[in-house]
Amino acid sequence: MTFEETSGSAERFWRAFFDALPLPAFIVDEDVRILDFNTEAGKLLGPAPKSSLWRRGGEVLHCVYAERLGCGQSKPCQNCIIRNSVKAATEGLDTRRKFYQAELRGSRGAVSVNLFVTARRLPDTRTPQALLILENVKETVRLYHQQLGL
């Protein structure tokens with residue numbers, strides 16, 4: 001981008017870049033409240049994805065531990081890789097492809113979802129914010145176990 005470009009075109013540039021990511025990506029605050037999401041993430045958020053804004057990630061993604069007390073309030077939340085990765089990122093530490101087996105509520109009950117979690121702090125924001133990328137690695141884990149003969 002050149003100096004002559006306006007902030008409007010810069011915003012459009014970054015929006016196009018964000019939406020082009022082939023993985024679900026979110027902009028979240030330090031409490032994992034969703035501030036923005038890309039096109040791929042919108043597909044996970046149901047028929048009205050904008051209703052997910054300002055809600056915590058575990059509630060929006062139907063984490064079984066968020067059902068009773070809310071995202072971040074249950075004892076298992078202390079060890080949540082997503083929550084801890086976002087916390088580390090907002091404190092200036094990067095998390096790259098950290099494995100996490102999330103327990104999510106689907107239409108047929110609880111299901112385990114294997115994820116790689118990446119979080120990185122966004123620069124120059126008034127309040128700490130992070131880019132959070134969730135990569136479903138079910139097929140990768142299946143192939144790994146197949147290779148080991150499990």
Side-chain angles (χ1 to χ4, degrees), residues 1-3 5-107 110-142 144:
M1 226 178 281
T2 64
F3 179 74
E5 291 176 309
T6 66
S7 64
S9 65
E11 187 175 317
R12 287 190 302 278
F13 172 84
W14 288 113
R15 181 84 242 172
F17 182 82
F18 190 47
D19 283 337
L21 293 172
L23 300 170
F26 303 87
I27 306 298
V28 296
D29 70 6
E30 56 196 338
D31 195 25
V32 198
R33 280 187 289 265
I34 297 172
L35 307 176
D36 198 1
F37 53 87
N38 71 353
T39 302
E40 203 61 33
K43 295 174 185 177
L44 298 176
L45 301 176
K50 288 190 178 185
S51 67
S52 300
L53 294 174
W54 291 101
R55 293 177 56 207
R56 290 185 185 95
E59 294 156 7
V60 169
L61 296 174
H62 307 288
C63 173
V64 297
Y65 302 114
E67 292 176 340
R68 191 160 164 245
L69 300 173
C71 180
Q73 305 304 311
S74 297
K75 186 170 178 103
C77 298
Q78 296 170 2
N79 299 315
C80 175
I81 298 296
I82 295 172
R83 180 165 285 284
N84 290 333
S85 295
V86 167
K87 182 179 186 312
T90 59
E91 293 172 355
L93 304 171
D94 290 343
T95 301
R96 296 188 187 280
R97 300 187 93 203
K98 199 160 190 179
F99 183 76
Y100 182 54
Q101 190 168 33
E103 297 292 323
L104 307 179
R105 179 76 57 204
S107 60
V111 295
S112 292
V113 178
N114 297 314
L115 301 171
F116 278 150
V117 177
T118 298
R120 180 168 180 116
R121 185 180 175 129
L122 295 176
D124 305 324
T125 57
R126 285 186 196 158
T127 59
Q129 295 176 8
L131 171 66
L132 171 66
I133 299 173
L134 303 177
E135 181 180 356
N136 187 336
V137 292
K138 177 182 178 181
E139 187 63 13
T140 304
V141 170
R142 186 189 68 77
Y144 176 75

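Note: hydrogens, waters and symmetry copies are ignored here, and every other heavy atom, side chains too, is used. Everything numeric here is computed off the predicted structure, so don't read it as measured data.
Minimum heavy-atom separation, V117 to L134: CG2-CD2, 4.0 Å. Nearest heavy atoms, Q101 versus S112: NE2-CB, 3.7 Å. Closest heavy-atom contact between G58 and C71: N-SG, 3.3 Å. The two residues A130 and T90 have their closest heavy-atom pair at CB-CG2, 4.3 Å. When all heavy atoms of K50 and F37 are compared, the pair lying nearest together is N-CZ, 4.1 Å. Listed here is the closest heavy atom pair of P22 and E40: O-CG, 3.6 Å.
With rounding to the nearest 0.5 angstrom, the CG atom of L115 is 5.5 Å from the CD1 atom of I82. Taking OG1 from T95 and OH from Y100, the interatomic distance works out to 13.5 Å, rounded to the nearest 0.5 Å. Atoms CG and CG, from D29 and L122 in turn, are 11.5 Å apart once rounded to the nearest 0.5 Å. Remark: F26 CZ to D36 CG distance equals 10.5 Å, nearest 0.5 Å. Residue L131 holds its CG atom at 7.5 Å from CG of L21, rounded to the nearest 0.5 Å. Separating the OG atom in S52 from the CD1 atom in I34 is a distance of 5.5 Å, to the nearest 0.5 Å.
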Quiz item: What do the steps show when you test I81 against F99 for side-chain contact (heavy atoms from CB on, under 4.5 Å), and what is the final call?
Solution: CA-CA 8 Å; I81 298 296; F99 183 76; over 6 Å; no
Exercise. I would like to know whether R15 and E11 meet salt bridge (Lys or Arg N to Asp or Glu O under 4.0 Å); could you show each step before the answer?
Key: CA-CA 6 Å; R15 181 84 242 172; E11 187 175 317; over 6 Å; no
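Shown here is R120, whose CZ atom has no more than 12 heavy atoms of other residues, nucleotides or ligands within 6.0 Å.
Of the candidates R83, K87, R55, D31 forms a salt bridge (charged side-chain N to carboxylate O under 4.0 Å, His left out) with just one, namely R83.
Relative ring orientation between W14 and F17 is described as perpendicular, the plane-to-plane angle rising above 60° on a 0-90° scale split at 30° and 60°.
In this structure, the side chain of D19 engages the main chain of T39 through a donor-acceptor pair within 3.5 Å.
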